[in-house]
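In what follows, a single structure is set out as structure tokens and then discussed.
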Amino acid sequence: MVWIPADDRGPAARSGDGAPCPGPDPVTSVLTVDSSQYETPDGVWAKLTHLSARRWYPGALIGLIYQVSTFFTLWAGPGSVGTKVIVTTLLAVISIGFLVLPPLFWASSERTRMVVIAAYFLLTLTLFPFIGLAACWTWVYVACMTGMLAFRPALAIGIIGGLGAAQLVIITITGTFDDNWYIALITVSIGIMMFAFARQLESFRRLRRAQGEIARLAVIEERARFSRDMHDVLGHSLTVVTVKSELARRLVTIDPVKAEAEIADIERLSRSALADLRAAVAGYREMSLSTELAAAQAGLAAADIEAHLPRSGDGVDPNLRELFGWVLREGVTNVIRHSGSRNCWVTVSPDTLEIEDDGRGLAAVGVVGAPDVDVAATPTRGSGLDGLTVRARTVGARVLVGPSEHGGVRLTVRKAKA
């Protein structure tokens, strides 16, 4: 009966054909965290169909399975049909309430949540005139709901403990303590367990929101850095061009020779500024293996995947570093988006780069075949690996995909031997 938020691991930005988008995206693509799954939806239907709510339903349904035996016992036992219909209706309402009330009121105020818990408890009391002591079992659901909706520890434990104490009193009064005392134990233990789970998941959601905020701030900082670079590159040159243009305009009628010289200087400065701009943009967009290693470390950490990476790629053949950077970006992106892994290993040598994970396996990247399949000879579907084979071919390398010894996928790019 655990509400498990969606496993959001920050998918990297992609172009429409599945290839990694070019440009400065170590921050904007790898560190992106989809926080929409942790935002509070508006409207009843939106709350009931939210991804977090859909994670709650399977566990809650498992907790309601044993009610089936209650229905069978009820209808197989003595009593009027009218009474059985009433009890069946009440149990159905209690079961439906257990399913839908937590998703509806997770984000409500504490007072509203306490009113919901109290109303649900009062609903269970209506069963006592019909089934007596057996109605105490429904308080397990009240304890679970309390664990999910009462955020303050003292309040939650107080309500759950009070439910257990009330059950013990009722059991003692009915003279069935020796046979039914464990009902209170089950109620209290499950309620406290649900409270602990709920608080752990709340911490998880806050962590993911914080990661999303860190990524957003990183993008802002990167944009600010690029703005500073552009200012440093163009600010001085454009200022001088402006001053010389004004001077040349005044000299056109007074001293055409000097005006021509000033115009020549403007042309030279403009060409120089254009060259500086191109160099700055090219350097900003250039694929760097070292930069991608740092981005991969941050991206995997944001996705809660343990990264096992080399400290640098300085030992790689300079002619292969750009290719290895693209492969690393695509491989880590696939690990984050598709693998469902908990670990990612990257190893580099002068002519080889390997990326491995312990996730779902080859099906996660759309490749089926024997170990170390040559991607160039194997059709893939939107995995982005096809684009890497084109890049690899230009430098005489091959891209291979196969099963990892860790249970997931191994992506290898290797310089072909002459």
Side-chain angles (χ1 to χ4, degrees), residues 10 12-33 212-299 312-314 316-330 333 384 387-388 390-396:
R14 286 175 171 268
S15 60
D17 59 358
C21 296
D25 60 356
V27 172
T28 57
S29 65
V30 179
L31 286 183
T32 298
V33 175
E213 182 66 12
I214 291 171
R216 187 184 68 84
L217 294 176
V219 172
I220 294 174
E221 175 61 25
E222 185 65 9
R223 289 173 178 169
R225 187 193 71 80
F226 188 65
S227 298
R228 291 194 297 269
D229 289 350
M230 291 300 98
H231 179 271
D232 294 341
V233 169
L234 297 178
H236 174 72
S237 297
L238 293 179
T239 300
V240 175
V241 166
T242 301
V243 173
K244 283 185 171 291
S245 297
E246 293 174 350
L247 177 59
R249 179 172 56 82
R250 291 195 298 267
L251 291 175
V252 166
T253 57
I254 300 174
D255 192 340
V257 176
K258 280 191 175 181
E260 184 177 356
E262 293 295 337
I263 292 172
D265 282 346
I266 291 172
E267 180 181 1
R268 178 183 57 79
L269 286 169
S270 299
R271 292 183 182 277
S272 176
L274 181 59
D276 289 342
L277 176 61
R278 287 173 175 169
V281 173
Y284 188 74
R285 296 187 62 166
E286 181 182 1
M287 178 59 64
S288 167
L289 178 58
S290 297
T291 299
E292 288 303 311
L293 284 170
Q297 179 78 41
S312 71
D314 295 338
V316 175
D317 183 343
N319 295 326
L320 297 175
R321 289 178 185 175
E322 182 176 355
L323 170 64
F324 283 10
W326 284 113
V327 174
L328 180 61
R329 176 183 293 186
E330 176 62 22
T333 297
L388 296 181
V390 176
R391 296 180 184 275
R393 195 178 297 119
T394 61
V395 295

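Index from 1, following the sequence.
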Kindly write out the residues that satisfy side-chain contact (heavy atoms from CB on, under 4.5 Å) with Ile220, not counting sequence neighbours, or none if the list is empty.
-> Arg216, Leu217

Kindly compute the distance separating CG (Leu320) from CG (Leu289), expressed to the nearest 0.5 Å.
-> 10.0 Å

Distance-only check: which donor-acceptor pairs under 3.5 Å involve side-chain atoms of residues 255-269, not counting sequence neighbours?
{"residue": "Asp255", "atom": "OD1", "partner": "Val257", "partner atom": "N", "Å": "3.4"}
{"residue": "Asp255", "atom": "OD1", "partner": "Lys258", "partner atom": "N", "Å": "3.3"}
{"residue": "Glu262", "atom": "OE1", "partner": "Lys244", "partner atom": "NZ", "Å": "3.0"}
{"residue": "Asp265", "atom": "OD2", "partner": "Lys244", "partner atom": "NZ", "Å": "3.4"}
{"residue": "Glu267", "atom": "OE2", "partner": "Arg271", "partner atom": "NE", "Å": "3.4"}
{"residue": "Glu267", "atom": "OE2", "partner": "Arg271", "partner atom": "NH2", "Å": "3.2"}

Validation row: Asn319, Val395 side chains within 4.5 angstrom (heavy atoms) | no

Backbone of Trp326 reached by a side-chain donor or acceptor of Arg391 within 3.5 Å | no

